[in-house]
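These notes are about the structure you will find just below.
Note that the structure is predicted; figures quoted are calculated from it, not measured.
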Amino acid sequence: MSLGKNILTLRKKNGLSQEQLGEKVNVTRQTISNWELDETAPNPEQLKLLSKALQVSIDILVDNDIVTNNSNKTIYNIAKFIGIIFLILLVIDIITFIIFMF
């Protein structure tokens, strides 16, 4: 979906008129209309204000496919946990082996 369509959809979802959203991001109603029609686009500072006003991340607002993937973080954390458990068990095995050797 285009940036303009995202702005339109999210503005309506938040129950805001173009004028109300314009006030939140310090632009005119016409500017919001131009953004929603993809005639112009917000600058980076305006994107930050839009994301706050519409309560979404900039990645979601601009339809960025490379959003931080929590599943990758979860897989990494699980692998790290398994590695730590493996090391603990290895240390216990070595200690047990040393105790039974004597």
Side-chain angles (χ1 to χ4, degrees):
M1 195 175 333
S2 73
L3 173 58
K5 288 181 183 177
N6 282 344
I7 293 170
L8 173 64
T9 301
L10 292 165
R11 176 179 62 77
K12 287 184 175 183
K13 181 180 175 185
N14 283 280
L16 297 169
S17 68
Q18 288 180 336
E19 188 170 335
Q20 289 170 322
L21 181 57
E23 288 173 7
K24 289 180 179 278
V25 296
N26 305 317
V27 298
T28 64
R29 179 209 60 79
Q30 186 61 42
T31 300
I32 300 295
S33 176
N34 288 339
W35 291 347
E36 291 178 352
L37 295 171
D38 287 316
E39 292 177 1
T40 60
N43 66 39
E45 190 60 37
Q46 291 166 329
L47 277 174
K48 285 170 50 178
L49 293 171
L50 274 172
S51 74
K52 289 178 184 177
L54 299 172
Q55 302 172 5
V56 294
S57 71
I58 292 175
D59 281 329
I60 291 171
L61 191 59
V62 298
D63 202 19
N64 185 1
D65 291 340
I66 307 174
V67 177
T68 303
N69 192 341
N70 287 335
S71 64
N72 286 344
K73 288 181 182 178
T74 303
I75 291 169
Y76 172 78
N77 287 335
I78 291 170
K80 189 167 76 171
F81 178 74
I82 290 171
I84 291 169
I85 296 298
F86 177 76
L87 286 174
I88 291 171
L89 291 174
L90 182 63
V91 169
I92 290 172
D93 283 346
I94 291 171
I95 291 171
T96 304
F97 178 75
I98 290 172
I99 289 173
F100 285 115
M101 285 297 291
F102 297 109

Cluster question for you: counting only ILVMFWY and a side-chain heavy-atom cut-off of under 4.5 Å, with indirect links fine, are [X] and [Y] together?
X: Met1; Y: Leu54; result: no
X: Ile78; Y: Phe86; result: no
X: Leu3; Y: Leu37; result: no
X: Leu8; Y: Val27; result: no

Would you compute the distance between atom [atom1] of [X] and atom [atom2] of [Y] and round it to the nearest 0.5 angstrom?
X: Ser51; Y: Ile58; atom1: OG; atom2: CD1; answer: 4.5 Å
X: Leu87; Y: Ile84; atom1: CG; atom2: CD1; answer: 8.0 Å
X: Ile32; Y: Thr40; atom1: CD1; atom2: OG1; answer: 9.0 Å
X: Leu49; Y: Lys52; atom1: CG; atom2: NZ; answer: 6.5 Å

With sequence neighbours excluded, give me every side chain to side chain donor-acceptor pair (under 3.5 Å) pair touching residues 18-29.
Ser17-Gln20, Gln18-Arg29, Gln18-Glu36, Thr28-Thr31
Donor-acceptor contact below 3.5 Å, side chain Thr9 vs main chain Asn6:
no
Residues which pass side-chain contact (heavy atoms from CB on, under 4.5 Å) with Leu90, listed by chain and number, not counting sequence neighbours:
Ile94
The single option from Asn14, Leu61, Leu50 passing side chain to side chain contact (heavy atoms under 4.5 Å, CB included) against Val56
Leu61
Compare all side-chain heavy atoms of Leu21 with those of Ile7 and state whether any distance is below 4.5 angstrom.
yes
Minimal heavy-atom distance between Ala53 and Val25, with the atoms involved, is CB-CG1, 4.4 Å
